[in-house]
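Note that these values count all heavy atoms, side chains included, but never hydrogens, waters or copies made by symmetry.
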Amino acid sequence: MGEFDSSLAFLLPWEFSPSWTLACLAGAGLYVRGLLHRRRCGLHEGFWRPFAFFLGIVAIYTVSQTHFDYLAQYMFFVHRGQHLVLHHLAPFLIALSAPLAILTAGIPHRVRNLPTVTFAAQMLKPGYRLLQQPVIAPLLFVGLIYFWLIPQVHFDAMLSHRLYQLMNWSMLVDGLLFWWLILDSRSPASGGLSYGVRITLLLAVVPPQMLLGAYLTFSHNVLFDVYAVCGRAWPLAPLTDQRLGGLITWIPATMMSVLAVLIIIGRLLGKRSTMYRYG
Amino acid sequence: MGNAMYKTGCKTALLSGMLWLVGCSDPSWQTKDISELMPPLEFELVDEEARSVTEADYAGDVTLLFFGFTHCPHICPTTLANLAAISQELGEEAQNDLRVLFVSVDPERDDPATLREYTDAFGPEFTGLTGDEEALQALTRRYRVTYGYGEKDDAGNYDVSHSNAVFAFGRDGDAQLLIREDDPKEAVMADLSRLLTH
(Lines give C-alpha, C1' and ligand atoms only; values in the text may rest on other atoms or scores of the structure.)
Protein backbone atom coordinates (compact mmCIF):
# COMPACT_ATOMS: atom_id res chain seq x y z
CA MET A 1 0.00 0.00 0.00
CA GLY A 2 2.82 2.33 1.04
CA GLU A 3 4.66 1.55 -2.18
CA PHE A 4 1.54 2.18 -4.20
CA ASP A 5 1.11 5.55 -2.49
CA SER A 6 4.69 6.56 -3.13
CA SER A 7 4.48 5.58 -6.81
CA LEU A 8 1.29 7.59 -7.07
CA ALA A 9 3.02 10.55 -5.41
CA PHE A 10 5.83 10.23 -7.95
CA LEU A 11 3.31 10.72 -10.75
CA LEU A 12 2.02 13.97 -9.28
CA PRO A 13 3.64 17.24 -10.36
CA TRP A 14 6.40 18.62 -8.14
CA GLU A 15 5.52 22.15 -9.26
CA PHE A 16 2.25 22.19 -11.11
CA SER A 17 2.60 24.32 -14.21
CA PRO A 18 -0.49 25.06 -16.30
CA SER A 19 1.64 25.75 -19.37
CA TRP A 20 3.17 22.24 -19.55
CA THR A 21 -0.05 20.47 -18.66
CA LEU A 22 -2.12 22.50 -21.13
CA ALA A 23 0.43 22.11 -23.91
CA CYS A 24 0.54 18.32 -23.47
CA LEU A 25 -3.25 18.05 -23.19
CA ALA A 26 -3.83 20.34 -26.16
CA GLY A 27 -1.31 18.41 -28.28
CA ALA A 28 -2.81 15.03 -27.40
CA GLY A 29 -6.39 16.33 -27.69
CA LEU A 30 -5.88 17.86 -31.13
CA TYR A 31 -4.15 14.73 -32.32
CA VAL A 32 -6.98 12.45 -31.18
CA ARG A 33 -9.57 14.76 -32.78
CA GLY A 34 -7.53 14.79 -35.97
CA LEU A 35 -7.20 11.00 -35.99
CA LEU A 36 -10.95 10.56 -35.55
CA HIS A 37 -11.75 13.16 -38.18
CA ARG A 38 -9.45 11.55 -40.72
CA ARG A 39 -10.75 8.10 -39.91
CA ARG A 40 -14.25 9.31 -40.80
CA CYS A 41 -12.79 10.36 -44.17
CA GLY A 42 -11.31 6.89 -44.62
CA LEU A 43 -7.71 7.85 -43.79
CA HIS A 44 -5.97 5.41 -41.42
CA GLU A 45 -2.63 6.26 -39.86
CA GLY A 46 -1.51 2.81 -38.80
CA PHE A 47 0.14 2.16 -35.45
CA TRP A 48 3.68 3.56 -35.43
CA ARG A 49 3.15 7.22 -36.22
CA PRO A 50 0.50 7.85 -33.55
CA PHE A 51 2.56 5.70 -31.17
CA ALA A 52 5.66 7.87 -31.71
CA PHE A 53 3.63 11.05 -31.26
CA PHE A 54 2.00 9.96 -28.00
CA LEU A 55 5.28 8.59 -26.67
CA GLY A 56 6.80 12.03 -27.27
CA ILE A 57 3.95 13.80 -25.46
CA VAL A 58 4.04 11.36 -22.54
CA ALA A 59 7.82 11.82 -22.29
CA ILE A 60 7.47 15.61 -22.14
CA TYR A 61 4.76 15.36 -19.51
CA THR A 62 6.77 12.88 -17.44
CA VAL A 63 9.93 14.96 -17.23
CA SER A 64 8.08 18.23 -16.62
CA GLN A 65 5.04 17.35 -14.53
CA THR A 66 5.97 14.42 -12.30
CA HIS A 67 8.50 14.05 -9.51
CA PHE A 68 11.10 13.49 -12.24
CA ASP A 69 11.10 17.30 -12.33
CA TYR A 70 11.96 17.39 -8.61
CA LEU A 71 14.97 15.16 -9.21
CA ALA A 72 15.93 17.25 -12.25
CA GLN A 73 16.04 20.35 -10.05
CA TYR A 74 18.28 18.79 -7.44
CA MET A 75 20.55 16.38 -9.34
CA PHE A 76 22.70 17.53 -12.23
CA PHE A 77 22.61 14.22 -14.07
CA VAL A 78 18.81 14.00 -13.86
CA HIS A 79 18.66 17.57 -15.16
CA ARG A 80 20.78 16.50 -18.15
CA GLY A 81 18.37 13.59 -18.64
CA GLN A 82 15.44 16.00 -18.56
CA HIS A 83 17.01 18.14 -21.27
CA LEU A 84 17.87 15.04 -23.30
CA VAL A 85 14.16 14.27 -23.36
CA LEU A 86 12.97 17.87 -23.92
CA HIS A 87 15.55 18.81 -26.55
CA HIS A 88 16.30 15.52 -28.28
CA LEU A 89 14.15 12.49 -27.61
CA ALA A 90 10.59 13.81 -27.39
CA PRO A 91 10.85 16.36 -30.24
CA PHE A 92 12.57 13.67 -32.33
CA LEU A 93 9.66 11.28 -31.81
CA ILE A 94 7.07 14.00 -32.45
CA ALA A 95 8.80 15.22 -35.62
CA LEU A 96 9.26 11.63 -36.83
CA SER A 97 5.53 11.04 -36.51
CA ALA A 98 4.93 13.92 -38.98
CA PRO A 99 1.79 14.99 -37.12
CA LEU A 100 1.04 18.26 -38.93
CA ALA A 101 -1.79 16.97 -41.16
CA ILE A 102 -3.44 15.18 -38.24
CA LEU A 103 -3.07 18.14 -35.84
CA THR A 104 -4.48 20.51 -38.48
CA ALA A 105 -7.44 18.17 -39.03
CA GLY A 106 -7.96 18.25 -35.25
CA ILE A 107 -8.33 22.03 -35.00
CA PRO A 108 -12.01 22.92 -34.78
CA HIS A 109 -13.18 24.91 -37.85
CA ARG A 110 -14.32 27.83 -35.73
CA VAL A 111 -10.85 28.21 -34.23
CA ARG A 112 -9.03 27.68 -37.52
CA ASN A 113 -10.91 30.52 -39.16
CA LEU A 114 -10.57 33.00 -36.30
CA PRO A 115 -8.88 36.17 -37.60
CA THR A 116 -6.51 36.27 -34.58
CA VAL A 117 -5.27 32.75 -35.37
CA THR A 118 -4.59 33.59 -39.01
CA PHE A 119 -2.96 36.85 -37.95
CA ALA A 120 -0.75 35.13 -35.36
CA ALA A 121 0.30 32.53 -37.94
CA GLN A 122 1.20 35.33 -40.36
CA MET A 123 3.20 37.13 -37.69
CA LEU A 124 5.12 34.03 -36.63
CA LYS A 125 5.98 32.91 -40.14
CA PRO A 126 9.03 35.17 -40.78
CA GLY A 127 10.49 34.30 -37.37
CA TYR A 128 9.95 30.63 -38.03
CA ARG A 129 11.61 30.90 -41.45
CA LEU A 130 14.60 32.68 -39.92
CA LEU A 131 15.08 30.10 -37.17
CA GLN A 132 14.84 27.29 -39.70
CA GLN A 133 17.71 28.62 -41.84
CA PRO A 134 20.27 25.81 -42.25
CA VAL A 135 22.97 27.99 -40.63
CA ILE A 136 20.89 29.31 -37.75
CA ALA A 137 19.10 26.10 -36.74
CA PRO A 138 22.21 24.09 -35.72
CA LEU A 139 23.80 27.15 -34.09
CA LEU A 140 20.70 27.64 -32.00
CA PHE A 141 20.50 23.92 -31.25
CA VAL A 142 24.03 23.73 -29.87
CA GLY A 143 24.09 27.33 -28.59
CA LEU A 144 21.14 26.76 -26.25
CA ILE A 145 22.75 23.68 -24.71
CA TYR A 146 25.92 25.69 -24.05
CA PHE A 147 24.06 28.81 -22.95
CA TRP A 148 22.08 27.15 -20.17
CA LEU A 149 25.26 25.40 -19.01
CA ILE A 150 27.21 28.63 -18.48
CA PRO A 151 27.71 28.21 -14.72
CA GLN A 152 26.37 31.67 -13.76
CA VAL A 153 23.34 31.32 -16.06
CA HIS A 154 22.74 27.77 -14.84
CA PHE A 155 22.91 28.99 -11.25
CA ASP A 156 20.22 31.61 -11.75
CA ALA A 157 18.05 29.27 -13.81
CA MET A 158 18.01 26.64 -11.08
CA LEU A 159 17.32 29.26 -8.41
CA SER A 160 14.51 31.16 -10.10
CA HIS A 161 11.23 29.50 -10.96
CA ARG A 162 10.67 31.90 -13.87
CA LEU A 163 14.07 31.28 -15.46
CA TYR A 164 13.77 27.55 -14.89
CA GLN A 165 10.52 27.49 -16.85
CA LEU A 166 12.04 29.63 -19.58
CA MET A 167 15.03 27.30 -19.82
CA ASN A 168 12.93 24.16 -20.19
CA TRP A 169 10.48 25.74 -22.63
CA SER A 170 13.31 27.09 -24.77
CA MET A 171 14.87 23.63 -24.94
CA LEU A 172 11.58 22.01 -25.99
CA VAL A 173 10.69 24.64 -28.59
CA ASP A 174 14.18 24.59 -30.07
CA GLY A 175 14.19 20.79 -30.07
CA LEU A 176 10.89 20.76 -31.98
CA LEU A 177 12.20 23.31 -34.49
CA PHE A 178 15.43 21.44 -35.13
CA TRP A 179 14.06 17.91 -35.44
CA TRP A 180 11.11 19.21 -37.45
CA LEU A 181 13.56 20.66 -39.96
CA ILE A 182 15.64 17.48 -40.06
CA LEU A 183 12.86 14.89 -40.13
CA ASP A 184 10.51 16.94 -42.33
CA SER A 185 8.47 14.32 -44.16
CA ARG A 186 8.36 16.46 -47.31
CA SER A 187 10.95 15.45 -49.89
CA PRO A 188 13.40 18.13 -51.12
CA ALA A 189 11.35 18.27 -54.33
CA SER A 190 8.23 19.28 -52.43
CA GLY A 191 9.79 21.96 -50.23
CA GLY A 192 11.80 20.04 -47.63
CA LEU A 193 15.48 20.65 -46.97
CA SER A 194 17.83 18.65 -49.21
CA TYR A 195 18.94 15.35 -47.71
CA GLY A 196 22.63 16.29 -48.01
CA VAL A 197 22.09 19.48 -46.00
CA ARG A 198 20.12 17.56 -43.39
CA ILE A 199 22.97 15.07 -42.92
CA THR A 200 25.50 17.92 -42.78
CA LEU A 201 23.49 19.66 -40.03
CA LEU A 202 23.19 16.44 -38.07
CA LEU A 203 26.93 15.84 -38.25
CA ALA A 204 27.72 19.48 -37.48
CA VAL A 205 25.94 19.38 -34.11
CA VAL A 206 27.82 16.25 -32.98
CA PRO A 207 31.37 17.57 -32.21
CA PRO A 208 30.28 20.50 -30.00
CA GLN A 209 28.03 18.20 -27.97
CA MET A 210 30.79 15.59 -27.66
CA LEU A 211 33.24 18.28 -26.58
CA LEU A 212 30.90 19.64 -23.92
CA GLY A 213 29.94 16.18 -22.69
CA ALA A 214 33.58 15.09 -22.49
CA TYR A 215 34.52 18.31 -20.71
CA LEU A 216 31.85 17.73 -18.07
CA THR A 217 32.78 14.06 -17.75
CA PHE A 218 36.53 14.54 -17.34
CA SER A 219 36.59 17.81 -15.41
CA HIS A 220 38.19 17.51 -11.97
CA ASN A 221 36.37 20.58 -10.67
CA VAL A 222 32.74 20.87 -9.71
CA LEU A 223 31.48 23.33 -12.33
CA PHE A 224 27.93 23.82 -11.08
CA ASP A 225 27.83 24.68 -7.40
CA VAL A 226 24.11 25.36 -7.51
CA TYR A 227 23.43 21.69 -6.64
CA ALA A 228 25.51 22.06 -3.46
CA VAL A 229 23.87 25.41 -2.76
CA CYS A 230 20.37 23.98 -3.14
CA GLY A 231 21.15 20.53 -1.75
CA ARG A 232 20.98 17.28 -3.68
CA ALA A 233 17.98 14.95 -3.71
CA TRP A 234 20.12 12.38 -1.92
CA PRO A 235 23.76 12.38 -0.80
CA LEU A 236 25.78 11.77 -4.00
CA ALA A 237 29.36 12.86 -4.60
CA PRO A 238 29.27 16.10 -6.66
CA LEU A 239 31.84 14.87 -9.19
CA THR A 240 29.98 11.60 -9.71
CA ASP A 241 26.83 13.60 -10.37
CA GLN A 242 28.70 15.81 -12.85
CA ARG A 243 30.32 12.85 -14.64
CA LEU A 244 27.00 11.08 -15.10
CA GLY A 245 25.57 14.35 -16.42
CA GLY A 246 28.51 14.69 -18.80
CA LEU A 247 27.98 11.18 -20.16
CA ILE A 248 24.29 11.90 -20.79
CA THR A 249 25.20 15.14 -22.61
CA TRP A 250 27.80 13.28 -24.65
CA ILE A 251 26.66 9.81 -25.65
CA PRO A 252 22.86 9.47 -26.03
CA ALA A 253 22.61 13.05 -27.30
CA THR A 254 25.06 12.43 -30.12
CA MET A 255 23.58 9.00 -30.83
CA MET A 256 20.35 10.78 -31.74
CA SER A 257 22.21 12.44 -34.61
CA VAL A 258 23.49 9.07 -35.81
CA LEU A 259 19.98 7.65 -35.66
CA ALA A 260 18.60 10.60 -37.62
CA VAL A 261 21.36 10.23 -40.26
CA LEU A 262 20.33 6.58 -40.70
CA ILE A 263 16.70 7.61 -41.14
CA ILE A 264 17.65 10.23 -43.75
CA ILE A 265 19.84 7.70 -45.61
CA GLY A 266 16.90 5.32 -45.48
CA ARG A 267 14.69 7.97 -47.11
CA LEU A 268 17.36 8.66 -49.74
CA LEU A 269 17.58 4.96 -50.61
CA GLY A 270 13.80 4.70 -50.61
CA LYS A 271 13.63 7.57 -53.08
CA ARG A 272 16.27 5.96 -55.30
CA SER A 273 14.48 2.60 -55.41
CA THR A 274 11.22 4.38 -56.26
CA MET A 275 13.01 6.21 -59.06
CA TYR A 276 14.40 2.96 -60.46
CA ARG A 277 11.07 1.23 -60.18
CA TYR A 278 9.09 3.90 -61.95
CA GLY A 279 11.72 5.81 -63.82
CA MET B 1 14.87 45.87 -46.72
CA GLY B 2 12.07 44.50 -44.57
CA ASN B 3 14.06 41.35 -44.07
CA ALA B 4 17.16 43.28 -42.95
CA MET B 5 15.09 45.28 -40.49
CA TYR B 6 13.52 42.11 -39.26
CA LYS B 7 16.92 40.54 -38.68
CA THR B 8 18.17 43.59 -36.78
CA GLY B 9 15.02 43.47 -34.68
CA CYS B 10 15.59 39.82 -33.91
CA LYS B 11 19.21 40.45 -32.92
CA THR B 12 18.18 43.30 -30.62
CA ALA B 13 15.49 41.14 -29.06
CA LEU B 14 17.98 38.29 -28.59
CA LEU B 15 20.59 40.56 -27.02
CA SER B 16 18.18 42.23 -24.65
CA GLY B 17 16.78 38.82 -23.77
CA MET B 18 20.26 37.60 -22.87
CA LEU B 19 20.94 40.71 -20.79
CA TRP B 20 17.69 40.13 -18.97
CA LEU B 21 18.66 36.51 -18.35
CA VAL B 22 22.13 37.30 -17.07
CA GLY B 23 20.30 39.60 -14.72
CA CYS B 24 20.39 43.22 -13.78
CA SER B 25 21.29 42.63 -10.15
CA ASP B 26 22.96 45.37 -8.13
CA PRO B 27 26.69 44.91 -8.79
CA SER B 28 27.74 46.56 -5.55
CA TRP B 29 26.82 43.50 -3.49
CA GLN B 30 29.84 41.23 -3.30
CA THR B 31 27.96 38.00 -2.63
CA LYS B 32 25.08 36.77 -4.80
CA ASP B 33 22.18 39.23 -4.98
CA ILE B 34 18.93 37.23 -4.96
CA SER B 35 16.49 40.09 -4.47
CA GLU B 36 14.99 39.43 -7.92
CA LEU B 37 15.03 35.65 -7.61
CA MET B 38 13.63 34.75 -4.20
CA PRO B 39 10.48 35.51 -2.20
CA PRO B 40 10.43 37.21 1.25
CA LEU B 41 11.00 35.17 4.39
CA GLU B 42 8.02 33.06 5.46
CA PHE B 43 7.82 29.93 7.59
CA GLU B 44 6.03 28.09 10.38
CA LEU B 45 8.47 26.09 12.46
CA VAL B 46 9.27 25.04 16.03
CA ASP B 47 12.05 26.78 17.96
CA GLU B 48 14.49 25.49 20.62
CA GLU B 49 11.87 25.96 23.32
CA ALA B 50 9.42 23.83 21.31
CA ARG B 51 7.30 26.92 20.58
CA SER B 52 5.63 27.49 17.23
CA VAL B 53 7.30 30.42 15.51
CA THR B 54 6.90 32.28 12.23
CA GLU B 55 8.99 34.88 10.42
CA ALA B 56 7.03 37.56 12.32
CA ASP B 57 8.86 36.54 15.53
CA TYR B 58 12.13 37.73 14.00
CA ALA B 59 10.82 40.81 12.18
CA GLY B 60 13.09 43.85 12.30
CA ASP B 61 16.30 41.79 12.44
CA VAL B 62 18.61 41.01 9.57
CA THR B 63 18.01 37.28 9.28
CA LEU B 64 20.38 34.61 8.01
CA LEU B 65 18.79 31.29 7.13
CA PHE B 66 20.82 28.10 6.96
CA PHE B 67 19.65 24.51 6.50
CA GLY B 68 21.56 21.66 8.11
CA PHE B 69 21.58 18.99 10.83
CA THR B 70 23.47 18.73 14.14
CA HIS B 71 25.21 15.48 13.19
CA CYS B 72 26.74 17.23 10.16
CA PRO B 73 30.48 16.55 10.15
CA HIS B 74 31.81 19.47 8.09
CA ILE B 75 29.60 22.00 6.34
CA CYS B 76 27.30 23.00 9.21
CA PRO B 77 29.89 23.49 11.98
CA THR B 78 32.24 25.32 9.58
CA THR B 79 29.52 27.61 8.24
CA LEU B 80 28.12 28.41 11.68
CA ALA B 81 31.60 29.01 13.13
CA ASN B 82 32.41 31.36 10.23
CA LEU B 83 29.18 33.25 10.79
CA ALA B 84 29.93 33.47 14.52
CA ALA B 85 33.38 34.92 13.78
CA ILE B 86 31.91 37.43 11.35
CA SER B 87 29.20 38.42 13.79
CA GLN B 88 31.84 39.01 16.50
CA GLU B 89 33.85 41.22 14.20
CA LEU B 90 30.80 43.22 13.20
CA GLY B 91 30.49 44.43 16.78
CA GLU B 92 27.98 44.28 19.59
CA GLU B 93 25.40 46.57 18.03
CA ALA B 94 25.30 44.47 14.89
CA GLN B 95 25.05 41.29 16.90
CA ASN B 96 21.87 42.51 18.54
CA ASP B 97 20.26 43.06 15.16
CA LEU B 98 21.54 39.90 13.49
CA ARG B 99 19.66 36.64 13.78
CA VAL B 100 20.98 33.33 12.46
CA LEU B 101 18.26 30.73 12.00
CA PHE B 102 19.67 27.23 11.79
CA VAL B 103 16.90 25.06 10.36
CA SER B 104 17.47 21.36 10.98
CA VAL B 105 16.20 19.17 8.15
CA ASP B 106 16.77 16.10 10.33
CA PRO B 107 13.92 16.37 12.88
CA GLU B 108 14.21 12.66 13.72
CA ARG B 109 17.51 13.27 15.55
CA ASP B 110 17.31 17.02 16.20
CA ASP B 111 14.70 17.77 18.85
CA PRO B 112 14.47 21.31 20.34
CA ALA B 113 16.76 20.45 23.26
CA THR B 114 19.49 19.06 20.97
CA LEU B 115 19.19 22.14 18.79
CA ARG B 116 19.51 24.50 21.74
CA GLU B 117 22.64 22.77 22.97
CA TYR B 118 24.10 22.89 19.46
CA THR B 119 23.38 26.54 18.63
CA ASP B 120 24.37 27.81 22.11
CA ALA B 121 27.93 26.86 21.26
CA PHE B 122 27.99 29.48 18.49
CA GLY B 123 26.42 32.46 20.23
CA PRO B 124 23.20 34.04 21.48
CA GLU B 125 22.22 35.25 18.00
CA PHE B 126 21.99 31.63 16.79
CA THR B 127 18.56 30.01 16.98
CA GLY B 128 17.76 26.43 16.08
CA LEU B 129 14.49 25.70 14.32
CA THR B 130 12.91 22.56 12.97
CA GLY B 131 9.51 21.23 12.02
CA ASP B 132 7.62 18.30 10.63
CA GLU B 133 8.13 17.11 7.06
CA GLU B 134 5.35 19.32 5.74
CA ALA B 135 6.70 22.50 7.34
CA LEU B 136 10.26 21.77 6.26
CA GLN B 137 9.18 21.00 2.71
CA ALA B 138 7.14 24.19 2.49
CA LEU B 139 10.18 26.24 3.52
CA THR B 140 12.77 24.39 1.43
CA ARG B 141 10.53 24.53 -1.65
CA ARG B 142 10.04 28.25 -1.15
CA TYR B 143 13.79 28.79 -1.45
CA ARG B 144 14.22 26.10 -4.13
CA VAL B 145 16.46 23.98 -1.94
CA THR B 146 16.05 20.38 -0.89
CA TYR B 147 17.41 17.73 1.45
CA GLY B 148 17.62 13.95 1.44
CA TYR B 149 18.74 11.11 3.66
CA GLY B 150 21.43 8.49 2.96
CA GLU B 151 21.22 4.83 3.97
CA LYS B 152 21.53 4.07 7.70
CA ASP B 153 24.75 2.24 8.71
CA ASP B 154 24.91 -0.53 11.34
CA ALA B 155 25.10 2.03 14.14
CA GLY B 156 22.01 3.81 12.82
CA ASN B 157 23.96 6.83 11.53
CA TYR B 158 23.07 8.36 8.21
CA ASP B 159 24.20 11.20 6.02
CA VAL B 160 21.89 14.08 5.11
CA SER B 161 22.21 16.11 1.92
CA HIS B 162 21.26 19.76 2.38
CA SER B 163 21.88 23.22 1.04
CA ASN B 164 25.32 24.60 1.87
CA ALA B 165 24.40 28.26 1.31
CA VAL B 166 23.21 30.96 3.70
CA PHE B 167 20.19 33.02 2.67
CA ALA B 168 20.24 36.59 3.98
CA PHE B 169 17.06 38.66 4.46
CA GLY B 170 16.83 42.39 5.15
CA ARG B 171 15.02 43.88 8.13
CA ASP B 172 11.78 43.98 6.13
CA GLY B 173 12.06 40.24 5.43
CA ASP B 174 12.91 40.66 1.75
CA ALA B 175 15.39 38.17 0.32
CA GLN B 176 18.67 39.92 -0.45
CA LEU B 177 21.74 37.69 -0.57
CA LEU B 178 22.89 34.15 -1.03
CA ILE B 179 26.20 33.55 0.69
CA ARG B 180 28.13 30.64 -0.73
CA GLU B 181 30.69 28.40 0.92
CA ASP B 182 33.60 29.90 -1.01
CA ASP B 183 32.65 33.57 -0.64
CA PRO B 184 35.57 35.43 0.98
CA LYS B 185 35.03 36.53 4.57
CA GLU B 186 35.64 40.20 3.69
CA ALA B 187 32.89 40.09 1.07
CA VAL B 188 30.42 38.57 3.53
CA MET B 189 31.42 41.11 6.20
CA ALA B 190 30.97 44.04 3.83
CA ASP B 191 27.59 42.84 2.59
CA LEU B 192 26.25 42.07 6.05
CA SER B 193 27.26 45.43 7.49
CA ARG B 194 25.60 47.09 4.50
CA LEU B 195 22.45 45.04 5.09
CA LEU B 196 22.53 45.96 8.80
CA THR B 197 22.75 49.67 8.12
CA HIS B 198 19.76 49.62 5.76
Side-chain angles (χ1 to χ4, degrees), chain A residues 9 13-16 67 69-75 78 123-131 133 135-136 139-140 143-144 146-148 150-167 170 221-222 224-238 241, chain B residues 2-11 13-14 17-25 31-39 66-69 72-73 75 103 105 136-137 140-151 158-167 175 178-183:
Chain A
W14 168 245
E15 282 179 325
F16 173 72
H67 263 53
D69 183 46
Y70 163 73
L71 297 175
Q73 289 184 30
Y74 297 108
M75 282 295 190
V78 186
M123 288 298 289
L124 289 174
K125 213 173 206 171
Y128 174 75
R129 289 231 173 99
L130 177 77
L131 296 179
Q133 295 289 322
V135 179
I136 294 178
L139 274 177
L140 201 63
L144 267 184
Y146 273 73
F147 176 73
W148 290 115
I150 297 171
Q152 294 85 341
V153 175
H154 195 75
F155 191 90
D156 282 12
M158 298 314 275
L159 226 51
S160 147
H161 178 70
R162 187 186 59 172
L163 283 182
Y164 180 75
Q165 293 295 331
L166 183 74
M167 169 174 76
S170 70
N221 302 318
V222 177
F224 305 99
D225 66 342
V226 71
Y227 298 91
V229 162
C230 294
R232 285 188 162 76
W234 68 86
L236 175 74
D241 189 13
Chain B
N3 202 18
M5 266 177 69
Y6 179 76
K7 281 185 182 170
T8 324
C10 278
K11 276 182 198 159
L14 198 68
M18 280 168 94
L19 278 175
W20 174 74
L21 284 174
V22 177
C24 39
S25 55
T31 59
K32 174 82 184 168
D33 180 2
I34 52 161
S35 52
E36 303 290 322
L37 299 174
M38 290 282 169
F66 180 67
F67 300 92
F69 63 117
C72 180
I75 301 169
V103 178
V105 290
L136 288 173
Q137 282 206 356
T140 49
R141 276 181 88 142
R142 189 171 172 85
Y143 296 100
R144 301 186 74 74
V145 299
T146 196
Y147 57 93
Y149 307 111
E151 294 287 326
Y158 52 91
D159 196 8
V160 179
S161 59
H162 61 93
S163 157
N164 72 358
V166 178
F167 293 82
L178 186 123
I179 301 164
R180 290 190 247 187
E181 210 183 3
D182 53 357
D183 280 329

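Using a 4.5 Å cut-off between heavy atoms, A:Tyr227 does not touch chain B at all. The contact between A:Gln73 and chain B is made entirely by side chain atoms (from C-beta outward), counting heavy-atom distances below 4.5 Å. There is no contact between A:Met167 and chain B, counting heavy-atom distances below 4.5 Å.
At least one test fails for B:Arg141 against the ring of A:Tyr70: distance under 6.0 Å to the centre or angle within 45° of the axis.
When ring centroids are compared, A:His154 and A:Phe224 come within the 6.0 Å threshold.
Counting heavy atoms from C-beta on, the side chains of B:Cys72 and B:Val160 never come closer than 4.5 Å. Proximity of A:Tyr74 to B:Arg144: side-chain heavy atoms (C-beta onward) are separated by under 4.5 Å at one or more points.
Between chain A and the options B:Asn164, B:Leu37, B:Thr146, the largest number of non-hydrogen pairs under 4.5 Å is found for B:Thr146. With chain A as the partner, the residue from B:Asp182, B:Val145, B:Leu178, B:Val166 showing the most heavy-atom pairs under 4.5 Å is B:Val145.
Each of B:Phe67, B:Phe69, B:Tyr143, B:Tyr149 was scored for a ring-ring contact (aromatic ring centres under 6.0 Å, His included) with B:His162, with one residue passing: B:Phe69.
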